[in-house]
Amino acid sequence: MFDSRHIRTFHEVVRTGSYSAAARALGYTQPAITQQMKALERDTGSALFVRAGRGLRLTEAGEALARHTSSILDAMSAAREQMNALARLRAGRVRLCAFPSANSTLVPEALARLSADHPALRVDLLENEPPESLRRLIRGECDISLAFTYPGLHEQVPEGLVEIPLLEDQLTVLLPAGHPLARRRAVRLTDLAGERWIAGCPRCRANLLHECAEEGFVPDIAFMTDDNLAVQSLVAEGLGVAMLPSLVLNFMRHPKVAGRPLQPLSRRKISAYVLPEHLRIPAAARVLERLRAVAAAKDGC
């Protein structure tokens with residue numbers, strides 16, 4: 001068994017190249033650093049450093065340990081954050097991380113219902129697109145994550161998470177109001193092969209490229225922006241067409257654009273993700289229950 005303090009100190013010695021520099025970085029005295037490294041060498045049963053001029057050089061054993069210290073420290077940090085998360089949840093405080101269109105639609109309705117039924121429960125709202133929102137959950141920086149996936153991309157969800165499916169969100173083609181195809185009830189992707197495109201977030205952009213490739217063409221992407229209002233404004237000015245989820249258009253639609261469903265239908269899947277142990281905590285379960293109820297009313301929107 002290694003002392004976590006010794007591992008952290010060892011990592012700093014390797015990073016800075018000397019006991020004295022590590023002591024300054026950590027706020028220790030140099031003798032304290034020396035004693036910790038001697039203790040770590042006793043624990044490992046091997047010398048970790050040798051003198052090289054005025055500096056230090058790692059031994060073979062030191063190099064082996066150095067290869068693992070970052071992952072050890074990251075795992076310890078994640079474990080500590082997840083333990084803190086459990087304590088916060090038991091105290092009735094939930095950190096919810098969602099992507100922008102969910103934070104503008106599903107989340108406000110769910111939190112309004114939650115506030116009416118459980119006014120003492122506190123929810124802290126965070127915002128990230130996937131996959132970063134899922135990484136934050138793994139790191140213990142949030143308790144519930146809302147994320148979307150596109151079936152055709154075969155995206156991998158990090159191991160150790162429980163997925164709670166919420167809804168399927170239909171994708172819509174966005175056209176300038178005067179576009180000839182705006183007169184149709186639905187639009188085939190191949191009809192837009194010659195158009196310029198405005199692409200959204202990286203995951204949405206990857207799906208656009210995938211769906212166009214499936215139809216045999218590469219889209220001419222003229223602009224890229226994560227801002228849904230900017231996407232619509234660019235389309236309204238005739239600078240291109242776009243593909244947006246219906247959830248976005250439910251709360252924000254530019255008056256000079258026309259939204260038409262894709263033919264055949266294309267959807268993204270929206271789910272909530274939690275760590276298994278969070279499902280047993282009432283605060284998290286109540287938030288998930290309200291999210292499911294709101295999502296059920298919007299499924300297939």
Side-chain angles (χ1 to χ4, degrees), residues 1-91 93 95 97 124 126 128-145 147 149 153-163 202-203 206 273-281 284:
M1 295 291 289
F2 299 151
D3 188 313
S4 61
R5 294 169 302 170
H6 298 167
I7 293 292
R8 187 171 289 105
T9 300
F10 173 78
H11 179 73
E12 197 63 27
V13 172
V14 173
R15 188 185 70 83
T16 58
S18 71
Y19 286 179
S20 57
R24 287 193 297 271
L26 295 172
Y28 294 160
T29 64
Q30 184 170 332
I33 297 290
T34 302
Q35 289 303 313
Q36 286 195 39
M37 292 304 91
K38 286 181 177 178
L40 184 58
E41 288 179 331
R42 286 195 299 272
D43 289 340
T44 61
S46 302
L48 300 174
F49 300 99
V50 294
R51 287 287 175 185
R54 294 185 176 181
L56 296 171
R57 180 172 59 81
L58 286 167
T59 64
E60 186 177 353
E63 289 177 351
L65 181 58
R67 284 194 293 270
H68 297 285
T69 52
S70 291
S71 58
I72 291 170
L73 293 173
D74 287 345
M76 288 168 52
S77 176
R80 185 166 52 250
E81 288 301 318
Q82 289 182 16
M83 292 302 100
N84 290 339
L86 285 170
R88 276 189 294 268
L89 283 170
R90 291 192 178 104
R93 184 167 182 170
R95 297 166 303 165
C97 184
D124 295 334
L126 309 170
N128 280 103
E129 298 275 5
E132 180 57 24
S133 57
L134 298 178
R135 296 191 191 113
R136 294 192 74 174
L137 182 57
I138 291 292
R139 294 196 299 262
E141 296 173 6
C142 65
D143 309 306
I144 299 172
S145 176
T149 56
L153 297 184
H154 305 293
E155 295 148 315
Q156 296 297 313
V157 173
E159 290 184 10
L161 299 183
V162 177
E163 179 183 4
R203 183 166 283 194
Y273 296 87
V274 294
L275 295 169
E277 55 269 26
H278 291 181
L279 288 172
R280 298 189 294 272
I281 298 175

I need the minimum non-hydrogen distance between [X] and [Y], along with the two atoms involved.
X	Y	value
M37	F49	SD-CE1, 3.9 Å
M76	S4	CE-CB, 2.9 Å
C142	L137	O-CD1, 3.4 Å
L153	A206	CD2-O, 3.8 Å
A61	A47	CB-O, 3.8 Å
S133	N128	CB-O, 3.7 Å

Enter the distance from [X]:[atom1] to [Y]:[atom2] here, rounded to the nearest 0.5 Å.
X	Y	atom1	atom2	value
R57	L48	CZ	CG	12.5 Å
D143	L275	CG	CG	8.5 Å
F10	L73	CZ	CG	10.5 Å
L58	R67	CG	CZ	10.0 Å

Legend entry - Any residue meeting side-chain contact (heavy atoms from CB on, under 4.5 Å) with R280, in chain and number order, not counting sequence neighbours: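 In terms of side-chain contact (heavy atoms from CB on, under 4.5 Å), with neighbours along the sequence ignored, R280 is linked to E277.
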
Legend entry - Residues in side-chain contact (heavy atoms from CB on, under 4.5 Å) contact with A39, at least two apart in sequence or another chain: H6, R42

Inset, instruction - Just jot down the salt bridge (charged side-chain N to carboxylate O under 4.0 Å, His left out) partners of R139, sequence neighbours excluded, or say none. - result: E132, E141

Legend entry - Results of salt bridge (charged side-chain N to carboxylate O under 4.0 Å, His left out) for E155 - residues two or more places apart only: R203

Can you confirm whether [X] sits close enough to [Y] that some side-chain heavy atom of one is under 4.5 Å from a side-chain heavy atom of the other?
X	Y	value
L161	L134	yes
V14	L56	no
D3	I7	no

Legend entry - Note: R95-D124 ion pair, threshold 4.0 Å (strictly below): no

Legend entry - Listed once per pair and sorted, the side chain to side chain donor-acceptor pair (under 3.5 Å) pairs that draw on residues 9-19, sequence neighbours left out: T9-Q36, H11-T69, E12-R15, S18-S20

Inset, instruction - May I have all residue pairs that pass salt bridge (charged side-chain N to carboxylate O under 4.0 Å, His left out) and include part of residues 25-36, sequence neighbours excluded? - result: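 For residues 25-36, and leaving out neighbouring residues, there are no salt bridge (charged side-chain N to carboxylate O under 4.0 Å, His left out) pairs at all.
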
Inset, instruction - State which residues pass side chain to side chain donor-acceptor pair (under 3.5 Å) with E63; sequence neighbours excluded, sorted by chain then number. - result: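 Checked E63 against side chain to side chain donor-acceptor pair (under 3.5 Å); zero matches.
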
Inset, instruction - Output all residues satisfying side chain to side chain donor-acceptor pair (under 3.5 Å) with R24, sequence neighbours left out; order by chain, then residue number. - result: none

